[in-house]
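Worksheet for the structure shown next.
Only this structure's heavy atoms are used, side chains among them; waters, hydrogens and symmetry mates stay out. A quick note: this is a predicted structure, and the numbers were derived from the prediction, not measured. Counting starts at 1 for both ligands and their atoms, in listed order.
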Amino acid sequence: MNFLIIDGGKTFAHSKGELNHTLTDVAASQLRDLGHQVQVTIADSDYNVAEEVQKYLDSDVVIYQMPGWWMGEPWTVKKYIDDVFTEGHGSLYASDGRTRSDAGKKYGSGGLIQGKKYMLSLTWNAPLEAFNDPEQFFEGVGVDGLYLHFHKANQFLGMEGLPTFICNDVIKMPDVPRDIERYRTHLSQIFA
Ligand SMILES: Cc1cc2nc3c(=O)[nH]c(=O)nc-3n(C[C@H](O)[C@H](O)[C@H](O)COP(=O)(O)OP(=O)(O)OC[C@H]3O[C@@H](n4cnc5c(N)ncnc54)[C@H](O)[C@@H]3O)c2cc1C
C-alpha cells in the first residue's frame, strides 16, 4: 500500500517537535519494512500544494502525526489542510454533496477519494482519563470526540478513519521507549 505521513512536529514554546518527528520515523521505517511505500511531508515546510494533492490521490492511507496544541491540531497542520483540501476541489472532492435535483444527496457526500483511509497519531500532555472520564476536563467525549471536526474534514473527501493512536503525559511523565513500542504494536495490528 502507499502511505502519506503528515508530520506536524514543530519547535514552538515548550514543544520541541522531536517526539512527533521520532514517531514519524518509527512509522515510516516500520511500514517500509512491511513492504509498503511511504512518503512524508512536514507540515511546517514549504510544500508544493499541487504536489500534496497528488500525494493524496496516490495514497491508500494518510497518517496525521501531530501534537495537541490548545485542544486540537497545530496551526501548521490546519494550514496544510486548508491549502491542500481547498486545492483538491475537483479531484479530492466534487462539492458538498447536495444537489437541487436530488434531495436525498446530503451535505458531506461529495468526496471523490472514497475507500482511502486516514489515521490520527497524537501526542498530548493530558492523561487519557482527561478525555474518557465524564467527570474530567473533556467530559467523557473521548479522543475521537474531541477531534470530530478533524475526522469530518477527512470524511468530507470520502476517506474512512482507522483507530486513533495517542501518547499521553508526554511532558509530565514522558516514556518514549514505551510509546514507540505501543505505536509499533498499533501499526502492525492494522497494517501487517
Ligand atoms: C502552543 C502549545 C499548546 C499546547 N496545548 C496543549 C493542550 O491543549 N493540551 C495538552 O495536553 N498539551 C498541550 N501542549 C503540549 C504539547 O502537546 C506537547 O508539547 C507535544 O505533544 C510534545 O510533542 P513534541 O513532538 O513537540 O515533543 P518534544 O517536546 O520533542 O518531546 C517531548 C518529550 O519527549 C522526549 N523525547 C522526544 N523525542 C525523544 C526521543 N527520540 N527519544 C527519547 N525521548 C524523546 C523529550 O525529551 C521530551 O521530554 C501544548 C504545547 C504548545 C507548544
Side-chain angles (χ1 to χ4, degrees), residues 3-34 36 38-47 52 55 59 61-85 118-154 161-192:
F3 285 74
L4 171 61
I5 305 177
I6 312 302
D7 177 358
K10 177 177 168 62
T11 305
F12 180 73
H14 48 289
S15 273
K16 301 292 172 255
E18 196 194 324
L19 178 57
N20 280 273
H21 297 324
T22 298
L23 293 170
T24 297
D25 292 345
V26 164
S29 104
Q30 180 164 351
L31 292 166
R32 285 181 186 127
D33 287 349
L34 289 168
H36 301 299
V38 183
Q39 297 192 82
V40 175
T41 297
I42 295 178
D44 187 31
S45 70
D46 191 18
Y47 51 78
E52 295 307 309
K55 288 182 190 171
S59 297
V61 181
V62 180
I63 297 177
Y64 297 96
Q65 176 63 59
M66 55 190 173
W69 280 9
W70 285 111
M71 316 310 147
E73 67 276 20
W75 82 84
T76 44
V77 176
K78 180 64 166 73
K79 176 181 181 297
Y80 177 91
I81 286 191
D82 288 351
D83 282 340
V84 176
F85 287 17
Y118 70 91
M119 193 185 97
L120 276 53
S121 175
L122 310 167
T123 66
W124 278 71
N125 191 39
L128 193 56
E129 56 269 25
F131 299 88
N132 295 337
D133 180 349
E135 303 295 319
Q136 295 201 32
F137 190 68
F138 296 115
E139 304 173 23
V141 298
V143 177
D144 292 305
L146 188 63
Y147 279 84
L148 179 66
H149 70 287
F150 199 92
H151 283 292
K152 288 298 160 194
N154 283 273
L162 292 166
T164 297
F165 177 77
I166 185 166
C167 300
N168 298 99
D169 292 308
V170 300
I171 296 175
K172 194 164 186 229
M173 285 185 294
D175 187 343
V176 174
R178 182 205 56 192
D179 284 336
I180 289 175
E181 209 41 55
R182 284 193 313 110
Y183 194 30
R184 287 204 173 112
T185 303
H186 183 89
L187 291 168
S188 37
Q189 279 169 350
I190 301 173
F191 302 117

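Taking only nitrogen or oxygen atoms, main chain and side chain alike, L19 reaches within less than 3.5 Å of ligand 1. In terms of polar-atom proximity, defined here as any N/O pair under 3.5 Å, T22 does make such a contact with ligand 1. For V170, no nitrogen or oxygen atom sits less than 3.5 Å from a nitrogen or oxygen atom of ligand 1, counting backbone and side chain alike. Considering backbone and side-chain atoms together, G68 places an N or O closer than 3.5 Å to an N or O of ligand 1. Taking any N or O of P67, backbone or side chain, none lies under 3.5 Å from an N or O belonging to ligand 1. At a 3.5 angstrom cut-off on N or O pairs, A126 counts as close to ligand 1.
Not counting sequence neighbours, the partners of T41 by the side chain to side chain donor-acceptor pair (under 3.5 Å) test are E52, K55. In this structure K79 satisfies the salt bridge (charged side-chain N to carboxylate O under 4.0 Å, His left out) test together with D83, sequence neighbours excluded.
Contacts between N20 and ligand 1, counted as non-hydrogen atom pairs separated by less than 4.0 Å, involve both the backbone and the side chain. Residue contacts with ligand 1 for N125 involve both N, CA, C or O and side-chain atoms from C-beta outward (heavy atoms, distance under 4.0 Å).
A distance of 10.0 Å separates CG in D175 from CG in D169, rounded to the nearest 0.5 Å.
Residue-ligand proximity, S15 to ligand 1, at heavy-atom distances under 4.0 Å covers atoms 16 (C), 18 (C), 19 (O), 20 (C), 22 (C), 26 (O), 29 (O), 51 (C), 53 (C). The ligand atoms of ligand 1 that sit less than 4.0 angstrom from a heavy atom of H14 are 19 (O), 29 (O), 50 (C), 51 (C), 52 (C), 53 (C).
The nearest protein heavy atom to atom 51 (C) of ligand 1 is closer than 4.0 Å.
Of all protein heavy atoms, the one closest to atom 53 (C) of ligand 1 is F12 O, 3.3 Å. Scanning the protein for heavy atoms near atom 47 (O) of ligand 1, the closest one is E18 OE1, 5.0 Å. Of the protein's non-hydrogen atoms, I171 CD1, 3.7 Å is the one closest to atom 15 (C) of ligand 1.
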